Structure formats: C-alpha cells, structure tokens
Amino acid sequence: MAATGTTASGESAYYVTTPIYYVNDAPHLGHAYTTVAGDVLTRWHRQRGEKVWYLTGTDEHGQKVMRTAEANGVTPQEWCDKLVEDAWKPLWEHLQIANDDFIRTTEPRHTDRVQEFVQDLYEKGEIYKGGYEGPYCVACEEYKSPGDLLEGDLCPIHKRPVEWLKEENYFFRLSAYGERLLEFYERNPDFIRPASARNEVVSFVKQGLQDLSISRSTFDWGVPIPWDTKHVIYVWIDALLNYATAVGYGSDQEKFDATWPANIHLVGKDILRFHAVIWPAMLMANGLSLPRGVFANGWLMVGGEKMSKSNLTGISPRELTEHFGVDAYRYYFLRAIPFGQDGSFSWEDFSARYTSELANDFGNLASRVAAMVGKYFEGTLPEATDAGPAEQAIADGLAAAAAQADTLIGDNLDFSAGIGAIFEFVKQVNGYLSDQAPWKVAKDESPEGQARLATILYTAAESLRAIAVLLHPVMPGTSAKLWASLGAEPHLGALADQRIADVATWGGLPAGAQVVKGEILFPRLENA
RNA sequence: GGGGCGGUAGCUCAGCCGGUCAGAGCAUCGGACUCAUAAUCCGUGGGUCGUGGGUUCAAGUCCCACCCGCCCUACCA
C-alpha cells in the first residue's frame, strides 16, 4: 500500500498518531521529538493535498499518577488536568504542532468506548478470569520477573526479600495470536519500521506469547471492568484503544470510516512491542482492521548517554527553543539524527548546524537575494528573459530535490535525508549566485546585461519560492517569513495551500512580485 | 546466559555481495569575491579503518578470539 498521489474523496485520511504520553511528568525532549516528527510528516501529507488526521494525547490512568497526585495533595483528575493544561498542551502549541485532536484517556468519549470494547471481547471469549502470582516487592509495590531476582529471592532494587503474592486478574488470550501475527508481519514487511525494530518483534513473537493480564484490583484509578467493577483496566487495553476512540470508534461511524485505520503509529522504541504485538492482536480479536504501520524512533543520547529520567530533565525543550528558536528546534533533531536510529546530540552540535546550515546557507541566501532585488530593481521582481544552461541546471536541481524529499520524508519517514536533499538545493543556489555574480553583471548597463541580471535574480527568487514550500512542514514560521519576503501570497495564495506536486514547476513566482528584505531568518547566536 | 547492533579523519557519520574504499558534511588552514547574517564560492591538510590472529594474488569489506559501548530476552508510560 504505497502512498502515492492524492487521496480520492471517500478514502480514509492519512492518519498518524503519537503515543499518548503518560502525564506523570512534564513533557521532555523525547516526547517532543516524536511529536515534532509526526507534525512534519502530517504537514507534508497535507501539502500533498491529502486528507490528514494527526492525533496526540495523554495517558492518565494508573498507579503512578495516583501516587503523584496524592503526594501533591490533589485528586488524580485534578493532577492530570493541571499538567495537561499547564504543561502538555502549551508545549505543543509552542512547538507549532498542528494536531487535529488531543485525546485524554479520562474523557468519557474514551472510557465509555473502552468499556464497550472489553465487554465485547469478554462476550467473545477473548477475556477470561485468572490469577497472577509471582514475587512481589513491597518497597517497589510491583511484581518482579522471577528472572530478575537476585540470589535468595531478593529484589534487585531494594535487596530485600520478595513476597509471593497472588492476585485475581482478567486475561486477554494473547497467546492465541502468535501465528496470526507472524503471518501478518510476513505479508506486510513494512508494518514495523525500521527493519531492526521489525526483527526484534518477530523474534520476540517467535518465542511464544503468553496471555496478558489486563486488570488490576489493587488500585482504582482506571476504567472499571464493566461486569466486575472491583477491577480497573490496566494500561494496555486502555491506552492503546485511544487510537480508535479518538476517531469515533463506537460513537461516530462516519468519522471512523473516514479515518481508520492509522497509516502510521509513531512510537518510541520502548513501547514498540505493545504497538506491534498487543495492539494488532486486540484489533484482530475485535475484528477491526489493522494499522498500516508502526514506526519506532530511537533514543536521544546526550554526550553518548541515553537520556534517562534523570538527565532528561537536564535540558528542556523550552531551554532549547529560547536559545535557538522553535523552527531551528524542529529542524535540528530531524536533520541531525536519522529517524529510527538512536542519535546523540549536543548543544555544540546544535549550534554548529544552526550557524552553518540555517544561518549561513539558508538564511543568508534569502537575505542576499532579497537585498539584490531591492537594490537593483527597487524590490519588484523582474522577468527572466535570458535564461540559459545555468538556469536550467537550477530548475533541474529543484526537480530532483523535490522528488527526493517527497519520497524520503513523505513515504520513508527519512527526515534527515529528505531535509538534506532540500539543503543540497539551497547550496546549489548559493553556488549559482557565486558563479553568475549578479553584483558584477549589474555594472553592465546594456540591455543584454540588464536582461542577464534580471534573469539571475528571478532564478534565485523563484528558487526561494520553492524552498519556502518544501521547508514549510519542517519550519512553518520561517517559511512564512520567507513567503512574505518574496511577496508570494498575493499571487500564489497561502503557503500552506502550495502543493508538493507543483513545487518544482518552474515559474510559479510571477514577475512583479514585491520582494522585501524582511527580518533576518536566523539571527546569529549569542555566545555561540 | 542466549540473540542482535556498533567501535572508520577533531566532531557526526557513508562505505552493498572482498580488488581507485580510504570517503562526505562540519570544524581547521589557504585563495577568490563583496550581493548578503564577518555570510558565499573554490581548494589544502588530516585517519595504525577497536585489538590480535587467520583465509586470499588482494580485507574497514570474509573467518576466529578478545576489549569497549548499546539494544532485545513480556506485563514500568
């Protein structure tokens, strides 16, 4: 199912999800990384002219939230409300995330449907009552895997003896789905990407699946099991189902049909398995169609170390955006780290890329072109009447960059290479200007000389028109500034309405456009 | 313990089935230019390709051992 061309009316939307993030803490760089990636992907598809639905949200049930709320002297719901409204939603707005919806697992539109879903599975015999027993550490307040225990049945964290506890749970018959899942992976080799993630999941499933406990009765901050309200649904069924409940499952069939299933579930690799194994099995059990793909992104490493809870808080998204700006932030992580791999980043590397790629190559190009159109043509874009091989090379370069970026970003989720292709074109245009040296041509006042000067500057400005469009999904704010600087809107309409398919069609920006040298796109960094 | 991945110029990384594979970008240095955010363009230098063996006419590129880092090996979001 390669995504090609535009979506005909009636077909379901290009539907992308982020994980629903656990609201125990404020959002950190890892959350923002996944969310920005999804935003760029969905913005790209919108500019392909497709119907798009981009969903994010929060996971609000569970023991940790309950405890944190208690520790802060508020109810769990109050705690969630506060974090969502004060921390999560504001950050997404700040980062220019254009999500179409924001689902919270405490909303009735979710909890009601979750109850119906488990009730349905129960009636189908997919859920049964069983017991879980195992070594339990009182200090951790959780069960341990027998394999994790130290010599003498000691908790590996607290070094104290565990107790053997037994608890009544409801179980989902996950074990019955191993073969069907393997068959599904086989038939849909791109279901799990990247390939390394796929291999891990396949080998995991081949080891055999056990049934999954889906309820807890030891705490009550969750969705009650409808037929046995002493139990609340435990994490997976509750959390994963958000992808369905948010788009009208069980409540708005029309919307559901127009959206389901997801084209891409973006996940951190820590929760890959739940999305690649449990989630499809749940859907199989209930007879819903399966998502087209799950894409696992890697860890962000700081100074070679995995970002953990402790050092994640070391740098917050806002610290970076305050220094580098929102657009540079969106750009940096996707450009510097191949999506799907772990990647190390540093303040120094961010600074280096900002200066070299954004300020020097891109920002300065926009600046010099606008300055020359202003200086030599009073800001009115001249007509290109004397185009030759050099101009054709630019047009060809643009076509190549647009085609590559479209495949790499829109289909492969290879943001790094896709952005790289666009920036190759930026460099090509800089080289073109150096070769043509319009500031020298300007001294030739003959009609021929002026025709060349006009052609050169038109070519550069028209290139910037395309660059603004191609970079819009990645850096919406900066692209809008550039769009305004080129005087494009009165002739071409809104930047967001520009189509990827048309971006390389030469001559879009008409002569006569009013080019103004706007503000500097990427100011030089203070004490960089 | 088992499985998998990685260790290549100062930095981040490309190098598929062995034979111009010793590369790119950034940084450094030199030159050109002046439209531009002291920006741009061109060019130079720089590497025991983790360590030790082995196979081969020929090995970052295959085999073995070892060192270092990381991931997976189910109920933590």
Side-chain angles (χ1 to χ4, degrees), chain A residues 19-25 30-31 58-65 105 132 134 140-145 147 169 171-172 174 196-197 199-201 203-214 216 234-236 238-240 267-274 277-278 298-299 301 304-306 309 336-338 341-346 348-349 351-353 355-376 416-417 420 423-424 427 429-442 453 456-457 460 517 519-525:
Chain A
I20 46 171
Y21 303 111
Y22 203 57
V23 289
N24 203 36
D25 296 314
H31 301 123
T58 45
D59 182 10
E60 309 189 356
H61 293 304
Q63 201 164 18
K64 282 188 183 174
V65 165
T105 56
Y132 184 83
C140 295
E141 295 188 55
E142 66 185 24
Y143 288 95
K144 298 292 169 187
S145 294
N169 296 118
F171 282 81
F172 168 54
L174 181 64
S196 56
N199 293 338
E200 284 187 2
V201 170
S203 64
F204 170 76
V205 174
K206 278 184 177 167
Q207 291 173 29
L209 297 173
Q210 296 172 17
D211 288 346
L212 182 76
S213 75
I214 59 156
R216 291 293 127 100
Y234 183 63
V235 60
W236 308 121
D238 177 19
L240 291 164
V267 300
K269 68 180 185 182
D270 52 331
I271 53 171
L272 168 65
R273 179 180 313 142
F274 310 121
V277 179
I278 296 174
W299 299 120
M301 322 275 274
E305 286 185 28
K306 181 171 81 177
K309 283 269 161 54
I337 300 168
Q341 295 178 30
D342 291 348
S344 54
F345 79 97
S346 64
E348 292 71 23
D349 185 54
S351 297
R353 285 190 185 272
T355 299
S356 171
E357 298 172 5
L358 294 178
N360 293 355
D361 289 345
F362 175 37
N364 183 57
L365 174 63
S367 181
R368 66 198 301 211
V369 171
M372 283 190 279
V373 174
K375 184 168 181 174
Y376 301 129
S416 177
F423 271 71
E424 275 302 304
K427 300 192 80 157
V429 178
N430 269 323
Y432 165 80
L433 286 178
S434 288
D435 289 343
Q436 300 304 317
W439 50 91
K440 285 183 182 169
V441 178
L453 177 63
I456 294 163
L457 293 185
K517 186 169 175 182
E519 62 182 298
I520 294 293
L521 261 29
F522 297 98
R524 303 199 70 72
L525 297 170

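As the structure is a computational prediction, the values presented were derived from the model and not from experiment. Chain letters run A, B, ... following the sequence lines, proteins first and then strands; every chain starts at 1.
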Next item on the list: Please work out whether the ring planes of A:Phe522 and A:Phe362 are parallel, tilted or perpendicular, with thresholds of 30° and 60°.
Entry: tilted
Note to self: Can you give me the dot-bracket string for RNA chain B, 5' to 3', counting Watson-Crick and G-U wobble pairs with both distances under 3.5 Å, using [ ] for crossing pairs and | for partners on another strand?
What the structure shows: (((((((..((((.........))))..((((.......))))......(((((.......))))))))))))....
Check: Which is true for A:Val201 with a 4.0 Å heavy-atom rule: it touches a base, it touches only sugar-phosphate, or it touches nothing?
Finding: nothing
Notebook entry, point to check: Do A:Ile337 and A:Trp299 have side-chain heavy atoms sitting under 4.5 Å apart?
Noted result: no
Sub-3.5 Å pairs of nitrogen or oxygen atoms, protein against nucleotides 4-10 of chain B:
none

Notebook entry, point to check: How close or far is atom P of B:A27 from atom CZ of A:Arg353, stated in whole angstroms?
Noted result: 11 Å
Note to self: What is the separation between atom CG on A:Leu209 and atom C1' on B:A74, rounded to the nearest whole Å?
What the structure shows: 9 Å
Next item on the list: For a side-chain contact (heavy atoms from CB on, under 4.5 Å) with A:Ile278, tell me which candidate from A:Val235, A:Ile214, A:Leu240 qualifies.
Entry: A:Leu240
Note to self: Restricting to non-hydrogen atoms, name the atom on A:Pro438 and the atom on A:Leu453 that form the minimum distance, rounded to 0.1 Å.
What the structure shows: O-CD1, 3.4 Å
Margin query: I'd like to check the salt bridge (charged side-chain N to carboxylate O under 4.0 Å, His left out) partners of A:Glu519; sequence neighbours left out, ordered by chain and number.
Written below: A:Lys481
Next item on the list: Would you name the heavy atoms of A:Ala460 and A:Val369 that are closest together and state the gap between them?
Entry: CB-CG2, 3.7 Å
Next item on the list: Take atom C1' in B:C76 and the same atom in B:C17, then report the distance between them in whole Å.
Entry: 43 Å
Check: What is the distance, rounded to the nearest whole Å, between atom CD1 of A:Ile214 and atom P of B:C75?
Finding: 17 Å
Note to self: Taking ring pair (Phe, Tyr, Trp, His ring centres under 6.0 Å) as the definition, give me every residue that meets it alongside A:Phe172, ordered by chain and number, with sequence neighbours left out.
What the structure shows: A:Tyr177
Notebook entry, point to check: A:Phe345 CZ to B:C26 C1': how many Å, rounded?
Noted result: 18 Å
Next item on the list: Assign A:Gly298 to base, sugar-phosphate, or nothing according to its heavy-atom contacts below 4.0 angstrom with the strands shown.
Entry: nothing
Margin query: How close do A:Asp238 and A:His61 get, counting heavy atoms only, and between which atoms?
Written below: OD2-CD2, 2.8 Å
Margin query: How many whole angstroms separate atom CG of A:Asp349 from atom C1' of B:G25?
Written below: 11 Å
Next item on the list: Quick one: label A:Ile278 by what it contacts on the DNA or RNA (base, sugar-phosphate, nothing), any heavy atom closer than 4.0 Å.
Entry: nothing
Next item on the list: Check side chain to side chain donor-acceptor pair (under 3.5 Å) between A:Asn430 and all other residues, then give those that pass, not counting sequence neighbours.
Entry: A:Arg368
Next item on the list: Check for a donor-acceptor pair, side chain of A:Ser203 on one end and backbone N or O of A:Glu200 on the other, with a separation under 3.5 Å.
Entry: yes
Check: Between B:C76, B:C71, B:A74, which one does the side chain of A:Trp299 approach most closely?
Finding: B:C71
Next item on the list: Taking atom C1' in both B:G30 and B:G45, compute the distance separating them and give it to the nearest angstrom.
Entry: 10 Å
Next item on the list: Classify the nucleic acid contact of A:Asp211 as base, sugar-phosphate or nothing, counting any heavy atom under 4.0 Å across all strands shown.
Entry: base
Item checked: 5' precedence on RNA chain B between A:Ile20 and A:Phe204 (nearest-nucleotide basis) -> A:Phe204
Margin query: Taking B:U48 as the reference, what is the distance to B:A9 when you measure between their C1' atoms (whole Å, please)?
Written below: 13 Å
Next item on the list: Identify the heavy atoms of A:Thr105 and A:Ile20 that sit nearest to each other, and give their distance.
Entry: CG2-CD1, 3.4 Å
Check: Any idea if B:G60 is syn or anti, going by the 90°-from-0 cut?
Finding: syn
Next item on the list: Would you give a per-nucleotide map of nucleotides 35-47 of chain B, 5' to 3', where B means the base has a protein non-hydrogen atom under 4.0 Å away, S means only the sugar-phosphate does, and - means neither?
Entry: BBB-SSS------
Note to self: So A:Glu348, base contact, sugar-phosphate only, or nothing? Heavy-atom distance under 4.0 Å.
What the structure shows: nothing
